[in-house]
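The basis for the numbers below is simple: all heavy atoms, side chains too, and nothing from hydrogens, waters or symmetry mates. Numbers restart at 1 for each chain; the letters A, B, ... are given by sequence-line order, proteins then strands.
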There are 4 protein chains.
Amino acid sequence: MEFREHEAIYLQIAAHVSDNILTGKWAAEQKIPSVRELAVELQVNPNTVMRAYEFLQNQQEIYNKRGLGFYVSANGAAQVKAYRKERFLQQELPELFRTMQLLEIGIDEIEKQYTIYKTGK
Amino acid sequence: MEFREHEAIYLQIAAHVSDNILTGKWAAEQKIPSVRELAVELQVNPNTVMRAYEFLQNQQEIYNKRGLGFYVSANGAAQVKAYRKERFLQQELPELFRTMQLLEIGIDEIEKQYTIYKTGK
Amino acid sequence: MEFREHEAIYLQIAAHVSDNILTGKWAAEQKIPSVRELAVELQVNPNTVMRAYEFLQNQQEIYNKRGLGFYVSANGAAQVKAYRKERFLQQELPELFRTMQLLEIGIDEIEKQYTIYKTGK
Amino acid sequence: MEFREHEAIYLQIAAHVSDNILTGKWAAEQKIPSVRELAVELQVNPNTVMRAYEFLQNQQEIYNKRGLGFYVSANGAAQVKAYRKERFLQQELPELFRTMQLLEIGIDEIEKQYTIYKTGK
DNA sequence: GTGGTCTAGACCACC
DNA sequence: GTGGTCTAGACCACA
């Protein structure tokens, strides 16, 4: 996995884990990779993975069973989805619209690109 | 002007100046506020404004006339716009689409929000 | 290290680092001294070293690993060399020739001085 | 006339005037353009031209007749030439040789470029 | 430990 | 007046 330059690595890891929970790849109550495992896989310092897990624990997407590891929360996926949807509609979208206006890009252009995106996959 | 917590102030200033160039508020070949002026206006240290100007100079949006101050590049607005449009279409939009897919949000939802946004203004 | 009067210190530091990369003293992918270390060694403010490193990063001679330090770019030396060679041939040399003409100095004089230089070392 | 970015304008003007004296375009004891004339021609502030003239006066390449203007010194050309030749041999050339060594450029390459330069003109 | 940002204040060359 | 550089010192996020 390669990391973007300008975002903290632990946040990128958290997002990555979040994605796996959201898509159901890691189901509720299921154990996720140990800190060390993931650290080796991603070639980062274990502390950094730990920080990502702590972050997700604070958001109650995952929880810790002492001595066993981290597990996906019962309603993990739902929670993540609700949280991110909220943020998407309240923050990201308005920002997008502002940018569009500044760059004089119409909603039709977005639709066009969307079609391209969907067919291109 | 108020600054967001998580982004470097000098980058926010640069973005602000960039916007003014993009919208044509500051036309090509026109002088922009001096480092000291803007520093007073924004209530930050002159060094911070200086960093923002350096950044924009590197991107060739503005240039310096020795002893006179900073000026908007001849094709400043066009350049900024082309650069940002490119980035928007190549990077931000695909990312947006990926998020939409993940959150199961359709293009119709975007259109709906867009209408709300436009009428709300 | 002593600094010339008329050139910004941070540029002299950058040139110094560049030389070390060019000569292969600091090999590709190798860590270079931390900002603080070099600041102590050169007896300058850390900010000044930081500016030098920023400059070199912009030129893609070095890059930053978050939390770890600055590293020589993969093709750092090659890039520096190509860049400087280009500049030498395209800019410095023609300027030299113009000066020679103006001062009525022939190529033979250059050769003579070159011999002196090489033997004198 | 266009000015290089990184060198003080008044020094570039001085060099330009010096060239004219050196080549004999402006002969000894002959009047050179007035400060204002040159300022208009070069589109710079008269103060800047004045500074260049002061600089040349210090080097005794030109002198001032009060109320009349600036004149090329009796032995202006000779003086300029001697001064610049000295600097060329003592400073510029050794620097050049050092660069050549660093970039692994031999004297033969210089000769080759010189031939190209001379025939190209 | 690493870089990154910011402030305050100073001094300078240049136009 | 303009930018440009430098220092000292602080605080922060990140690995």
Side-chain angles (χ1 to χ4, degrees), chain A residues 3 5-14 39 42-52 54-55, chain B residues 3 5-14 31-39 42-55 57 62-71, chain C residues 3 5-14 31-39 42-55 57 62-71, chain D residues 3 5-14 39 42-52 54-55:
Chain A
F3 298 105
E5 179 66 16
H6 305 292
E7 195 181 353
I9 292 179
Y10 84 94
L11 287 177
Q12 298 184 49
I13 293 175
L42 301 181
Q43 294 181 315
V44 296
N45 190 302
N47 289 331
T48 306
V49 175
M50 191 59 200
R51 228 174 138 170
E54 272 171 6
F55 177 82
Chain B
F3 298 107
E5 183 65 18
H6 305 293
E7 196 183 355
I9 291 179
Y10 83 93
L11 286 176
Q12 298 183 50
I13 294 175
K31 186 176 181 299
I32 67 176
S34 80
V35 170
R36 288 165 168 84
E37 268 174 30
L38 197 54
L42 301 181
Q43 295 182 315
V44 296
N45 190 291
N47 285 331
T48 304
V49 175
M50 189 61 200
R51 284 202 74 177
Y53 280 13
E54 264 174 12
F55 179 82
Q57 196 175 23
I62 63 178
Y63 67 96
N64 176 260
K65 287 190 191 174
R66 297 185 66 133
L68 300 179
F70 284 93
Y71 290 73
Chain C
F3 297 107
E5 182 66 17
H6 306 291
E7 194 183 355
I9 293 179
Y10 82 94
L11 286 177
Q12 298 183 50
I13 294 174
K31 187 175 181 301
I32 67 176
S34 81
V35 171
R36 288 165 168 84
E37 267 174 30
L38 197 53
L42 301 181
Q43 295 182 314
V44 297
N45 190 291
N47 286 331
T48 304
V49 174
M50 189 62 200
R51 284 203 74 177
Y53 280 11
E54 265 174 12
F55 178 82
Q57 196 175 25
I62 62 176
Y63 67 95
N64 176 259
K65 287 190 191 173
R66 298 186 66 132
L68 300 178
F70 283 93
Y71 290 73
Chain D
F3 298 105
E5 179 65 18
H6 306 291
E7 196 181 353
I9 291 178
Y10 85 95
L11 286 177
Q12 298 183 49
I13 294 174
L42 301 181
Q43 295 182 314
V44 297
N45 192 301
N47 289 330
T48 306
V49 176
M50 190 58 199
R51 226 170 143 173
E54 273 171 4
F55 178 81

**Student:** Using whole Å, report how far OH of Y53(B) lies from C1' of dT5(F).
**Tutor:** 19 Å

**Student:** Quick one: label R51(B) by what it contacts on the DNA or RNA (base, sugar-phosphate, nothing), any heavy atom closer than 4.0 Å.
**Tutor:** sugar-phosphate

**Student:** Please tell me which of V44(B) and V35(C) maps to the more 5' nucleotide of DNA chain E, matching each residue to the nucleotide holding its nearest heavy atom.
**Tutor:** V35(C)

**Student:** State which of dG3(F), dC15(E), dG3(E) makes the closest approach to the side chain of S34(C).
**Tutor:** dG3(E)

**Student:** Within this structure, what is the CD-to-P distance between E54(C) and dG3(E), rounded to whole angstrom?
**Tutor:** 12 Å

**Student:** Specify the separation, in whole Å, of atom CZ of R66(C) and atom C1' of dG1(E).
**Tutor:** 15 Å

**Student:** Roughly, in whole Å, what's the span from CD1 in I13(B) to C1' in dT7(E)?
**Tutor:** 13 Å

**Student:** Nearest whole Å is fine: how far is dT2(F) P from K65(B) NZ?
**Tutor:** 15 Å

**Student:** Want to settle it: does E5(D) or L68(C) sit nearer the 5' end of DNA chain F, counting the closest nucleotide to each?
**Tutor:** E5(D)

**Student:** Looking at dC6(F), dC6(E), dG3(F), which one has an atom nearest to any side-chain atom of T48(C)?
**Tutor:** dC6(F)

**Student:** Report the residue (K31(C) or I9(D)) whose heavy-atom-nearest nucleotide on DNA chain E is the more 5′ of the two.
**Tutor:** K31(C)

**Student:** A8(C) side chain: which of dG9(F), dC6(F), dC15(E) is closest?
**Tutor:** dC6(F)

**Student:** Does the dG3(F) base have a donor-acceptor partner in the side chain of R36(B) within less than 3.5 Å?
**Tutor:** yes

**Student:** Could you tell me which nucleotide pairs with dT2(F) by Watson-Crick or G-U wobble geometry, both distances under 3.5 Å, or answer none if nothing does?
**Tutor:** dA13(E)

**Student:** Would you say Y10(A) reaches dA15(F)'s phosphate, i.e. side-chain N/O to OP1/OP2 under 4.0 Å?
**Tutor:** no

**Student:** Please determine whether any donor N or O and acceptor N or O are separated by less than 3.5 Å between the side chain of N47(B) and the base of dG3(F).
**Tutor:** no

**Student:** For the side chain of N45(D), starting at C-beta, report the closest nucleotide among dC15(E), dT2(E), dT2(F).
**Tutor:** dC15(E)

**Student:** CG of L11(A) versus P of dC14(F): gap in Å, rounded?
**Tutor:** 6 Å

**Student:** What is the distance, to the nearest angstrom, from the CD atom on Q43(A) to the C1' atom on dA15(F)?
**Tutor:** 15 Å

**Student:** Among the candidates dG3(E), dG3(F), dC6(F), find the nucleotide nearest to the side-chain atoms of F70(B).
**Tutor:** dG3(F)

